[in-house]
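Index from 1, following the sequence.
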Amino acid sequence: MNETEGRLLEEAVQSAGSIAIAGHIRPDGDCVGACLGLYNYLQENYNSSFDKEITVYMEDIPEAFRFLKNSEKPVWEFSQKKKYDLFIVLDCSSEDRLGDALAYFKDAGRTLCFDHHISNGGFAGDTVLHADYSSTSEVLFTCMDEKKISKAVAEALYLGIVHDTGVFKHSCTSEQTMIIAGRLLSMGVDSTKVIDGTFYEKSYIENQILGRCLMESMLVLDGRVILSYLNYKTMRLYGVVPANLSGIIDQLRVTKGTEVAIFIYESQPQHLKVSLRSNGNVDVSKTAVFFGGGGHKKAAGYEVHGFMHDAINNLLAGIEHQLDGQ
């Protein structure tokens, strides 16, 4: 446990009567794991002797993650005027990625952020940022009292680490990451259940759309970049939602000889979500930040409004500039 950062969390929670927890919009595995991990940790350790109101805000949690304890608790309703004593932000690099929860964040008495995105500019009142950690779930573990971590908390944090490391394959995986993962397993986490059930297992339609994206992918910039995209019409044809597209960018990334993988999908007409992965020296977070997004050197993303063709051309110009500068 990092004692200084652990005391920061302890003091902030102890002094608050009402607490909100939120991550970024369209939550991924690390966001869900961190939010539910912290929610369970606070409920189990601070609500036995203290009457605290603790609310976690998240958009729809993917079905595969709903085995986690209290996965039914998150809400995404903001019709009421609410002022929290403490608002804790997790895995979110900028306030605009809080979505509708931003109003509660801005009105809170105190704000605290735990993150690992290098693009985080410190928008919260207090920020615990470790850009060299694999995930926000890893950051949280180092701030918690290990003796107070239950199996339910461990499952959530382990899921977050698994997803942001690509099952311990990505370069963000460190010796510390593996040690923490081992400690979480010792708390009763079923590794096979978490990894196969939430990372590898796919529905028939998810395999179909993955196959189509691979079949229609293209190599550009002298084969150094692989690109695939889905337009809104195709999304509607297959009846898929963003949650069905996990794993596509990671499969593109392992294409031999490529340095950058790009996957773009059109969630609504002319509303594009761009995912970037790097195998080499290209810092995709720089490109993402330029277009208003964020992330890490090896994994980043952003959203943009416009036509697919224009978005691809603009993006490739930025990637080419980095490739030529190597």
Taking the side chain from D283 and the backbone from S285, do they hold a donor-acceptor pair closer than 3.5 Å?
yes
Flag, side chain of S71 to backbone of F67, donor-acceptor distance under 3.5 Å
no
Looking at D107 and Y84, would you say the former's side chain and the latter's main chain have a donor-acceptor pair under 3.5 Å?
no
Applying ring-ring contact (aromatic ring centres under 6.0 Å, His included), name anything that partners H116, two or more places apart in sequence or on another chain.
H296
If you group Ile, Leu, Val, Met, Phe, Trp and Tyr whenever their side-chain heavy atoms sit less than 4.5 Å apart, what else falls in with I248?
I205, I209, L210, L214, L219, I226, L230, M235, L237, Y238, V240, L245, I249, L252, F263, Y265
Please tell me whether V56 and I61 are part of a single hydrophobic cluster in this structure, the criterion being side-chain heavy atoms less than 4.5 Å apart.
yes
Any carboxylate oxygen within less than 4.0 angstrom of a Lys/Arg side-chain nitrogen, looking at D91 and R97?
no
Among Y104, F105, W76, which residue satisfies the ring pair (Phe, Tyr, Trp, His ring centres under 6.0 Å) criterion with Y57?
Y104
Any pair counted as ring pair (Phe, Tyr, Trp, His ring centres under 6.0 Å), so long as it reaches residues 168-211, sequence neighbours left out:
H163-F199
Is it true that the side chains of E5 and T142 contain a donor and an acceptor less than 3.5 Å apart?
no
Flag the pair K69 / Q43 as yes when at least one side-chain heavy-atom distance between them is below 4.5 Å, and no otherwise.
no
Taking the side chain as C-beta and beyond, is there a heavy-atom pair between D115 and V128 under 4.5 Å?
no
Could you check whether E10 pairs with R7 (Lys NZ or Arg NE/NH1/NH2 to Asp/Glu carboxylate O, under 4.0 Å)?
no
Taking only Lys NZ, Arg NE, NH1 and NH2, and the carboxylate oxygens of Asp or Glu, determine whether E146 and R183 approach each other closer than 4.0 Å.
yes
When you compare the side chains of D30 and S137, does any donor N or O come within less than 3.5 Å of an acceptor on the partner?
yes
Heavy-atom side-chain contact between I19 and V13 under 4.5 Å
yes
Side chains of V220 and M218 in contact at under 4.5 Å (non-hydrogen atoms)
yes
If you measure only the distance, is there a donor-acceptor pair under 3.5 Å linking the side chains of S174 and T177?
yes
Is L102 reachable from I88 through a run of I, L, V, M, F, W or Y residues, each pair having side-chain heavy atoms under 4.5 Å apart?
no
Path from F65 to V75 over hydrophobic side-chain contacts below 4.5 Å:
no
Are side-chain heavy atoms of S93 and S119 found at a separation under 4.5 Å?
yes
In the structure I gave you, are the side-chain heavy atoms of I264 and L227 within less than 4.5 Å of one another anywhere?
yes
Inspect the contact between D250 and R277 and indicate whether a charged nitrogen and a carboxylate oxygen are less than 4.0 angstrom apart.
yes
Within a strict 4.5 Å, meaning less than it, do heavy atoms of the M58 and L36 side chains meet?
yes
Taking K286 for the side chain and K297 for the main chain, is one N or O donor matched with an acceptor at less than 3.5 Å?
no
Rounded to the nearest 0.5 Å, what's the gap from CD1 on I149 to CG on L184? Could you check?
6.5 Å
Ion pair check, K82 and E77, cut-off under 4.0 Å:
no
Can you check whether L112 reaches L86 side chain to side chain, under 4.5 Å on heavy atoms?
yes
Is it true that a side-chain atom of E259 and a backbone atom of S278 form a donor plus acceptor pair closer than 3.5 Å?
no
Given the rule that I, L, V, M, F, W and Y join up when any side-chain heavy atoms are under 4.5 Å apart, are L129 and L90 in one cluster?
no
Return yes if some donor-acceptor pair links the side-chain N/O of T258 with the main-chain N/O of R224 below 3.5 Å, else return no.
no
Are I319 and L272 grouped together when hydrophobic residues (ILVMFWY) are joined by side-chain heavy atoms under 4.5 angstrom apart?
yes
For the residue pair N231 / E266, report whether a side-chain donor-acceptor contact shorter than 3.5 Å exists.
no
